[in-house]
Amino acid sequence: MSAPTPRDVPAGRRLAPGAPTAPTAPTAPIVHDAIAIGAGPFNLGFAALAGPAGLDVVVLEARDAPQWHPGMMLAGTHLQVPFLADLVSLADPTHPLSFLAFLKDAGRLYPFYIREDFYALRSEYAKYLAWAAERLPGRYGHRVTDIQHDGTAYRVTAHTPDGPHTLAARNLVLGTGTEPQMPDAVPGTWHSDPRVVHSSGYLPARERLLTAERVAVVGSGQSAAEVFDDLLAGAGEHRHVEWLTRSPRFFPLEYTKPTLEMTSPDYIDHFTALPQSARDRLGAKHLGLYKGVNADLLNSIYDRLYAASVDGPAPATLRTATALEGLRERDGRMVLSLRHGEDGGLHETEVDAVVLATGYAYRQPDFLAGVEDRLSRLPDGRWDVDRGYGIGRHGDVFVQNAELHTHGFTAPDLGMGAYRNSVLVNRLCGREQYVVERRIAFQEFGTPGSHATFDPGADAAGASAQTIPSADLQEALR
């Protein structure tokens, strides 16, 4: 439990040291400005920016301590975005919880400068998040189980080691993250088999996988490439690694500067103004913008295969346009049923283990059932997220990285986290606490005049933690 804050003490009851206390009537429970559920990078960034704005925010996290992709902390791997995509810098470069402040505190700022690389190591970024979390109002071991609204505030019940605990807040920020996604071709009976590993749990299974004679890696993104590269580096005599992807080729992450302009308020304005059917079609074409592989890693893998082929066939097979259609066991080995997406051919391969780098999917939290009538949904059940990241019919519930279908591929982008959190903090404050960029791109993403530019200043003026925006304002935010 976090230590009491000054607002925990009712006004008029500041006592001098050693002064006798008298019995008092029970005080009303604290009503926080916001409860942020989930302590991932986006909600940590929200809490970091909310503090200087004077907002009383508490972060609840089911896990006992801060964690960030612990199963993929492979040596030497780095972020796919520059270090400025930390919790706060793109909103407030002077904030004391920036990545550079972390490096200074750790005595690593000069080594980082000498390294001359904008891309922080993944393990270093995880340490940064833990460092920042220690300085933010987080309560770990608090698994939210139920939320109700009493007409004034949300009552959030969490299971803790000490039993159920209830907190109250006027606003909710949902940052529960995504969950590992297993392909339909792998029946649930295989999910607990130690030979079947999702990439999110690769590191704990690594030593076992390195001893397997034949391993298949399924997937085409950065995680698949890192796992394949790591297994290939450990491949010795009689060991073989297969890399399978449904994609027609191993796509590099598209990282040209004009493409990077799409991670901008300008593009979000364009995307959110489209009909939902158009957004869905366009979103399906964006995978290469955020799910590709770093080009330098693809080149490194090729070089590793080339060096291994000097003395004979390389201990690896790479298969493109190949979909996993089934998994069964035969004589103690796993048999993968595969279909080629271009010529339609079917074939099988036998392996001793398989790593499924098949990504993550968002799942709407069950604990929201009690406030369902306060939430906005599309006809198909997905969140109807307004331009300012709200899903609440009363302007008091917001989402982090659950708006891929409404806001486009910027939703999971670490570099857009500070922008989104600036919008959220401004909405809760009722003022523009953080200057939010409106136009940054040289490009025009839609027909001139076809949609309005999002005005975060007007949004902030109409939606605060103290008031409920009018229906007209809510409609204007869509």
Side-chain angles (χ1 to χ4, degrees), residues 34 36 39-55 57 59 66 68 78-122 124-138 173 175 255 257 260-269 388-389 400-401 410-429 431-442 453-457 459-460:
F42 295 134
N43 265 353
L44 290 177
F46 170 69
L49 293 178
L55 294 173
V57 170
V59 180
W68 187 71
H78 59 79
L79 298 186
Q80 290 184 290
V81 292
F83 72 90
L84 283 174
D86 61 13
L87 301 180
V88 295
S89 289
L90 291 172
D92 177 7
T94 68
H95 198 287
L97 294 184
S98 70
F99 182 73
L100 291 181
F102 158 73
L103 290 177
K104 184 66 174 180
D105 188 60
R108 293 175 54 81
L109 184 58
Y110 272 93
F112 185 79
Y113 160 71
I114 293 170
R115 177 172 171 256
E116 290 190 331
D117 191 331
F118 266 24
Y119 299 91
L121 297 176
R122 187 178 292 146
E124 191 169 40
Y125 185 76
K127 289 181 182 295
Y128 159 64
L129 293 179
W131 172 86
E134 290 177 355
R135 292 155 174 80
L136 293 169
V173 180
Y255 216 67
K257 293 171 184 177
L260 287 178
E261 277 198 335
M262 294 172 69
T263 56
S264 66
D266 314 49
Y267 190 75
I268 297 175
D269 284 342
Y389 305 101
Q400 302 259 34
N401 190 17
T410 60
D413 190 278
L414 288 176
M416 291 300 290
Y419 167 81
R420 177 171 51 213
N421 281 325
S422 295
V423 172
L424 297 184
V425 169
N426 290 352
R427 288 189 76 165
L428 296 188
C429 286
R431 65 180 185 277
E432 194 172 37
Q433 170 74 19
Y434 296 101
V435 176
V436 177
E437 288 78 2
R438 292 162 173 78
R439 287 294 309 270
I440 64 97
F442 294 116
T453 299
F454 177 57
D455 185 350
D459 184 22

Donor-acceptor contact below 3.5 Å, side chain D266 vs main chain I440: yes
Side chain N401, main chain G175, donor-acceptor under 3.5 Å: no
Flag side-chain contact, heavy atom, 4.5 Å: Y128 against L103: no
Contact summary for V425 and A53, nearest pair of heavy atoms: CG1-CB, 3.7 Å
L129 and L87, any side-chain heavy atoms less than 4.5 Å apart: yes
Contact summary for L49 and A418, nearest pair of heavy atoms: CD1-O, 4.1 Å
Ring geometry between Y119 and H78 (parallel below 30°, tilted from 30 to 60°, perpendicular above 60°): tilted
Crowding at CZ, R135 (>12 non-hydrogen neighbours, <6.0 Å): yes
Taking every non-hydrogen atom, the tightest pair across Q433 and N426: N-OD1, 2.9 Å
Donor-acceptor pair, side chain of Y267 and main chain of A441, under 3.5 angstrom: no
F46 ring center near Y389 ring center (under 6.0 Å): no
Short side-chain to backbone donor-acceptor contact, E437 and P265, under 3.5 Å: no
Nearest non-hydrogen partners of A101 and P96, listed with the distance: CB-O, 3.3 Å
